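To find a chain, count down the sequence lines: A is the first, B the second, and so on, and within it residues start at 1. Given the structure is predicted, the values throughout are model-derived calculations rather than measurements.
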Amino acid sequence: MPLQITYPDGTVVEHPDGSTGLDVASSIGSRLARAAVAVKLDGEMLDLSRPLPGDGLFEVVTDSSDEGRSVLRHSAAHVLAQAVLNLHQGATFAIGPSITDGFYYDFDIGRPFTPDDLGPIEEEMARIIAADQPFIREELSRQEGLAVFAEHRFKTEIIESVEGSEVGDGKIVSIYRNNGFVDLCRGPHVPSTGRLKAVKLLRSAGAYWRGDENQPQLQRIYGTAWESAKALEEHLHRLEEAEKRDHRKLGRELDLFSFPSELGSGLAVWHPNGGMLRKQIEDYSRRIHEMFGFDFVYSPHLAKADVWQTSGHLDFYADLMYPGMEMDGSDEYRVKPMNCPFHVMIYKSAARSYRDLPLRFGELGTVYRYEMSGVVHGLLRARGFTQDDSHTFCTREQMPEELAMHLEFVLMLLRDFGFDEFEADLSTRPEEKWVGELDMWEEATDSLKAALEASGVPYRVAEGEGAFYGPKIDVHVKDAIGRRWQMSTIQMDFTLPDRFELEFITPEDARERPVMIHSAKFGSVERFIGVLIEHYAGAFPMWLAPVQAIVVPVADRHEDHASKVAKSMRDRGIRVDVDAGSGKLGEKIRNAHLRKIPAIMVVGDSDVSNETVGLTVRGSDERRGTPLGEAITELAEAAKPPR
RNA sequence: GCUGGCGUAGCUCAGUCGGAAGAGCAGCCGCCUUGUAAGCGGCAGGUCGAGGGUUCGAUUCCCUCCGCCAGCUCCA
């Protein structure tokens, strides 16, 4: 019986029984066949050399598609394993998947890899690739599989744990052989090792078996593979560019902040430039909170341990909290990891009526969390940081409208900071541990969903990933180089009002519990600034730039005039510096560029006599002889915050 | 927390197989008086992350601590 093969354009073409993916691809075109690394039949990926198992929708997976690269990388991972096993007597191997932009493989060679190990492994891989060994697929029974990998405990464990979703309901395992090397693998693979044109190993690191710190630690080697040397080059170049944006590096270069080791890990100090940047951001936060009807509150940095007991933090969050402080004879105190209990106290400070609700308490609250030492990472993961935190207390009836408002709020804020691509996660009720009433969960989840639908933000539902105390929305942004960052969060809470026995008086003079919405719009101010620095590569829009303009006198005799120009700019609210150094003009211009100051104003003889400046605004050309008043008006306009 | 790699001047980095610590930039002082990305000369700057050990002698070797970097499922 000939196969009825449907092409992506809908045409159906007959192919003889036993035709392979490569046969079909070749019949379509030789270029396509050359670019092919695998095929898909009804969505299932198959090796090129495998006879098509039946009729279906046929697609060619080419080497420069995401799926194709993933096949390349997976095959490269096999070659890596082959090389390591060749080179290291007694080595065993665990898993080696393709990942975004690369691949890795986990090994146990009885010792860690050092950077010096990578070179020889790469050479061995090059040898295997040059030999152009074919990858051959075989299917074995579970028993046979266990026999083949009897000496490799991790492979054995994988076979034993294979679920019904795997090949043949888990009764059959597939393996790939090339030249004596055998790996357990679902496939598909490229036809032969020679198809790997551009492979590079990047680094080694420890990694726990199955990601579990109670399991043995394996040694992982990371690498990357691309369809061509050029694509590999481009990728390495992108890595370099990302490195240039590193907020820790830019933070030092632009003199924004530092992490003095004397203070301890994860604790930042803000220098004047960073302080100005941060002030602009926090001022903006206050303005927009006020706009959306939030009240400002303030709370201390520590509180009695009892309150953390009541809130549940000591039961669920103690690992991340700094240990208690006890003065002789008095109560134990804890530094705050969150602001919620304080805002709850403010709620409780008076008898609340339904007429008071919703109550929205906002605070730039600094919290401290003892993050594991290995995860501390500049501003993006610090141990002391400030949340633009709010807690909204409202009735159940008000909940949908409040949630929609919170989402509108965070989207406006993120857009104002130059992010325009969003993705949201809607995390729903966990299967097992949860509190509150089922219909309340459903109502809240539906409200969050409705708010997301209305906003037009694409979202995915993270089934069961909500906290035990309520569903939530996390908003992610894409930055200038396409990376995804989690920023804002809007979180329902059905447990704190209970734990603290919050009440309000209803129109019927009954007592009822309010519900509570936690929300952090920046997430953490520190982290947000870290992301902003990387997004803008340190070249902030003018309203955020610590120094917005610099006046550069051409020679000493222009310094008085430069000061006057600066003064009149300052009067218009522009943050301006004068470069009164003794250097040449070129040097001062260069320094201004390095400081990423948005506007440069050069003043020389003709400018003094004509009341003009040589104006260069970032992104546009120099304009010699611009009238001073015109320049100032223009810059004052450009320096205005979005709201 | 765990594994590995690191820690030398404010910054970026040389160097010492155990025997007097270096460069560039930045800083300071002079000269130059400058028109859009580095003018020239000089000076100063380091308990070689901290503590302990081995040694005649430690920045170098060993141990502990502090700090930094990468990674620690994107599941054959």
Checking B:U36, B:C31, B:A38 against the side chain of A:Ser582 (C-beta onward), the nearest is B:C31

So that I can tick it off, tell me whether A:Arg50 and A:Glu139 are bridged by a salt bridge, with the cut-off set at under 4.0 angstrom between side-chain N and carboxylate O.
yes

Taking B:C48 as the reference, what is the distance to B:C11 when you measure between their P atoms (whole Å, please)?
16 Å

Work out how far the P atom of B:G46 is from that of B:G39, and round it to whole angstrom.
28 Å

A:Arg383 charged N/C atom sitting above A:Tyr368 aromatic ring, 6.0 Å / 45°:
no

Euclidean distance for C1', B:A21 against B:U8 (whole angstrom)
8 Å

Distance in angstrom units between A:Asp212 CG and B:G71 P, rounded:
20 Å

Just to be sure I understand the rule, does A:Pro97 reach a base, reach only the sugar-phosphate, or reach nothing, if contact means heavy atoms closer than 4.0 Å?
nothing

To the nearest angstrom, the NE2-P distance between A:His247 and B:C68 comes to 12 Å

Would you mind reading off the distance between A:Asp607 atom CG and B:U36 atom C1', rounded to a whole angstrom?
12 Å

Taking B:U36, B:A38, B:U33 as options, the one with an atom nearest any side-chain atom of A:Ala555 is B:U33

Under 6.0 Å from the six-membered ring centre of A:Phe93 and within 45° of its axis: does the NZ or CZ of A:Lys155 meet both?
yes

For the pair A:Ile95 and A:Tyr104, evaluate side-chain contact (heavy atoms from CB on, under 4.5 Å) and give the outcome as yes or no after the intermediate values.
CA-CA 8 Å; A:Ile95 62 168; A:Tyr104 67 80; 3.8 Å; yes

Integer-rounded Å distance: B:A70 P and A:Arg203 CZ
8 Å

Between B:C62 and B:G45, how far apart are the P atoms? Round to whole Å, please.
32 Å

Picking from B:C32, B:A70, B:G35, which would you name as closest to the side chain of A:Arg624?
B:G35

Look at all strands and tell whether A:Glu253 reaches a base, only sugar-phosphate, or nothing, counting heavy atoms closer than 4.0 Å.
nothing

Considering only atom P, compute the distance from B:A14 to B:C72 and round it to an integer number of Å.
27 Å

Just to confirm, is there a sub-4.0 Å distance from OP1 or OP2 of B:A70 to any side-chain nitrogen or oxygen of A:His377?
yes

Applying a 4.0 Å non-hydrogen cut-off, can you work out what A:Gly586 is touching in the nucleic acid: base, sugar-phosphate, or nothing?
sugar-phosphate

State plainly whether the residues A:Asp212 and A:Arg210 are in salt-bridge range, i.e. N to O under 4.0 Å.
no

Could you check A:His78 against A:Tyr104 and say which one's nearest nucleotide on RNA chain B is further toward the 5' end?
A:Tyr104

Would you measure the distance from the C1' atom in B:A58 across to the matching atom in B:G19 and give it in whole Å?
10 Å

Shortest non-hydrogen contact between A:Val617 and A:Glu634, atoms and distance
CG2-OE2, 4.3 Å

Using the C1' atoms only, state how far B:U54 lies from B:U59, rounded to an integer number of Å.
16 Å

Between the base of B:G7 and the side chain of A:Ser261, is one N or O donor paired with an acceptor at under 3.5 angstrom?
no

Given B:G35, B:U3, B:U34, the nucleotide with the shortest approach to the side chain of A:Arg557
B:U34

How many whole angstroms separate atom CD of A:Gln219 from atom P of B:G4?
7 Å

Give one of base, sugar-phosphate or nothing for A:Gly145, where a contact means two heavy atoms less than 4.0 Å apart.
nothing

So, OP1 or OP2 of B:G4: does either fall under 4.0 Å of a side-chain N or O from A:Arg111?
no

5'-most contact on RNA chain B (nearest-nucleotide basis), A:Met372 vs A:Phe259, goes to A:Met372

A:Asp605 near the nucleic acid: base, sugar-phosphate alone, or nothing, with a heavy-atom cut-off under 4.0 Å?
base

Under 4.0 Å, heavy atoms only, any strand: does A:Ser265 hit a base, just the sugar-phosphate, or nothing?
sugar-phosphate

Do A:Phe103 and A:Val199 touch side chain to side chain, with heavy atoms closer than 4.5 Å?
yes

Starting from P on B:C74, measure out to CG on A:Asp101 and report it in whole angstrom.
15 Å

Candidates B:A70, B:U33, B:G35 - which lies nearest the side chain of A:Asp556:
B:U33

Closest of B:C68, B:G1, B:U3 to the A:Val376 side chain is B:C68

Let's test your reading of the pairing rules: Watson-Crick or G-U wobble, both distances under 3.5 Å, then write RNA chain B as a dot-bracket string with ( ), [ ], | and dots.
(((((((..((((.....[..)))).(((((.......))))).....(((((..]....))))))))))))....

For B:A9 and B:A23, measure between their P atoms and round to the nearest Å.
14 Å

Mutual orientation of the aromatic rings belonging to A:His377 and A:His247 [parallel < 30°, tilted 30-60°, perpendicular > 60°]:
tilted

Would you sort out whether A:Glu241 and A:Arg238 count as a salt bridge (Lys or Arg N to Asp or Glu O under 4.0 Å), showing the intermediate values?
CA-CA 5 Å; A:Glu241 287 302 309; A:Arg238 280 194 296 275; over 6 Å; no

Where the side chain of A:Arg252 is concerned, which of B:C11, B:C72, B:G35 is the nearest nucleotide?
B:C11

What is the distance from CG of A:Leu201 to C1' of B:A70, rounded to the nearest Å?
15 Å

Using whole Å, report how far CG of A:Asn591 lies from C1' of B:G35.
16 Å

Choosing from B:U36, B:C69, B:G71, which nucleotide comes nearest the side chain of A:Thr616?
B:U36

To the side chain of A:Val602, which of B:G1, B:C69, B:G35 is closest?
B:G35

Under 4.0 Å, heavy atoms only, any strand: does A:Thr114 hit a base, just the sugar-phosphate, or nothing?
nothing

Heavy atoms under 4.0 Å, any strand shown: does A:Tyr222 hit a base, just sugar-phosphate, or nothing?
sugar-phosphate

What's the closest nucleotide to the A:Ile99 side chain, out of B:G1, B:C72, B:C74?
B:C74

Can you name the one residue among A:Asn273, A:Asp577, A:Asp579 that meets side chain to side chain donor-acceptor pair (under 3.5 Å) with A:Arg595?
A:Asp577

Once hydrogens and angles are ignored, does a donor-acceptor distance under 3.5 Å link the base of B:G1 to the side chain of A:Tyr208?
yes

ring-ring contact (aromatic ring centres under 6.0 Å, His included) between A:Phe107 and A:Tyr105, worked out
CA-CA 7 Å; A:Phe107 302 96; A:Tyr105 218 114; 5.3 Å; yes

